[in-house]
Amino acid sequence: MPGRVSFWGLIVICFPMWSDYSMTAKIVSTFDPLLLIGGANVDKEEYRQAFSICKTLVAADSGADTVLAMGHKPDLVIGDMDSISDEVRAQIPPNQLHRVAEQDSTDFEKCLTRIDAPVILGLGFLGERADHSVASLSALSRLSHIRCILLSPHDLVVVAPPELELSLPIGSRVSLFPMAPGPITGRSTGLKWPIDGLSFAAGGTIGTSNNTIAEDIHLSFDAPGMLLMLPPTALAPLMQGLSAAPARWPVPA
């Protein structure tokens, strides 16, 4: 994508891949939001919106096919390279193809652990196959220190940071789904049903279809692994809220 990435905005690093999250070397580092495309169906309008926000475009394996179908080429392709088409592979320079051969993680997880960006927008990871969607949400939860927003035509999904402030229209849907095995407690202001005093857990208490009763809401959590789900119209406020939230969860070992 000539003209989209400045020298100072994107740094490509090629180092050996270590085995745990805290030691995995980064393949790409950028100071701006990064767009990550997966292999599931991608809505063209969502793609256009995300593409206009991000200066760097990375494909997860066969996500490269989607990117080329949208009329662009990815800056990098990361994955085990078992699903990218031969036709698309031939159009991408070899030094932009980063194969990660291990089979203990999905291509989505391979990408997340090798990207350094203030926020990642992920398209093509939700909505087509239930097993792929659940795998993406599981990876998102386990890698709570990474700020990645998954987009679909109906939802935005992100792991809630320790503290988050959002400005949303009154009546906006706010759903909370714990993915961690242990309890997650938290506090809220601006929600119709406050979460104070509740103990959330996978397979236990969840917070589906809450909504806002004030334009400014505040959420805080005592443990990582809480998925926050919002309507797609909340993308700009969510990115602003994440940018203003300095605290991150620790990197898992």
Side-chain angles (χ1 to χ4, degrees), residues 11 13 15-36 56 58 60 78 100 102 104-122 125-126 134-151 156-166 174-189 195-207 217-230 237-253:
I11 305 171
I13 309 170
F15 290 131
M17 296 301 132
W18 304 99
S19 59
D20 65 84
Y21 298 137
S22 62
M23 294 292 290
T24 300
K26 305 305 179 185
I27 293 175
V28 57
S29 180
T30 176
F31 303 116
D32 300 301
L34 179 144
L35 178 56
L36 178 62
T56 307
V58 175
I78 302 172
V100 183
E102 57 88 1
D104 294 328
S105 63
T106 63
D107 287 322
F108 178 53
E109 191 169 342
K110 290 177 174 68
C111 291
L112 289 185
T113 55
R114 289 162 174 86
I115 291 171
D116 179 22
V119 65
I120 300 168
L121 299 186
F125 298 99
L126 296 175
V134 173
S136 296
L137 296 178
S138 176
L140 202 65
S141 173
R142 283 184 285 107
L143 300 172
S144 293
H145 64 292
I146 298 173
R147 290 185 174 171
C148 176
I149 304 171
L150 294 183
L151 295 80
L156 304 176
V157 186
V158 69
V159 175
E163 299 274 344
L164 181 64
E165 293 186 358
L166 295 171
V174 176
S175 291
L176 298 169
F177 279 84
M179 292 286 283
I184 300 177
T185 57
R187 290 151 298 283
S188 68
T189 59
I195 66 172
D196 305 55
L198 298 179
S199 181
F200 296 90
T205 300
I206 61 175
I217 68 170
H218 180 269
L219 300 170
S220 63
F221 298 95
D222 300 319
M226 179 67 80
L227 296 183
L228 169 64
M229 301 183 181
L230 301 169
L238 177 57
M239 293 185 68
Q240 292 171 1
L242 290 175
S243 177
R248 290 178 180 254
W249 299 113
V251 180

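From a predicted model like this one, the values you see are computed outputs, not experimental measurements.
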Starting at [atom1] of [X], measure out to [atom2] of [Y] and round the result to the nearest 0.5 Å.
X: Leu112; Y: Phe125; atom1: CG; atom2: CZ; value: 7.5 Å
X: Arg114; Y: Glu109; atom1: CZ; atom2: CD; value: 9.0 Å
X: Thr189; Y: Ile217; atom1: OG1; atom2: CD1; value: 7.5 Å
X: Leu166; Y: Leu238; atom1: CG; atom2: CG; value: 6.0 Å
X: Leu156; Y: Met239; atom1: CG; atom2: CE; value: 10.5 Å
X: His218; Y: Leu164; atom1: NE2; atom2: CG; value: 8.0 Å

Would you indicate whether the side-chain heavy atoms of [Y] and [X] approach each other to under 4.5 Å?
X: Leu176; Y: Phe221; value: yes
X: Phe177; Y: Val157; value: no
X: Asp32; Y: Thr56; value: no
X: Ile149; Y: Leu242; value: yes
X: Leu150; Y: Val158; value: no
X: Arg142; Y: Pro252; value: no
X: Leu140; Y: Cys148; value: yes
X: Val159; Y: Leu227; value: yes

Over all atoms of both residues, closest heavy-atom pair of [X] and [Y]:
X: Asp116; Y: Lys26; value: CB-CG, 4.1 Å
X: Ala223; Y: Ile184; value: O-CG2, 3.8 Å
X: Phe108; Y: Ser136; value: CE2-O, 3.4 Å
X: His145; Y: Trp249; value: CB-O, 3.1 Å
X: Ser141; Y: Ser144; value: O-OG, 2.5 Å
X: Pro162; Y: Ala247; value: CD-O, 3.5 Å

Checklist line | Main-chain N/O of Ile195 paired to Ser188 side chain as donor or acceptor, under 3.5 Å | finding: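 Answer holds: yes.
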
Test your reading of the model: is there a side-chain donor-acceptor pair from Thr30 to the backbone of Ala117, 3.5 Å cut-off?
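Here the side-chain-to-backbone pair does not exist.
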
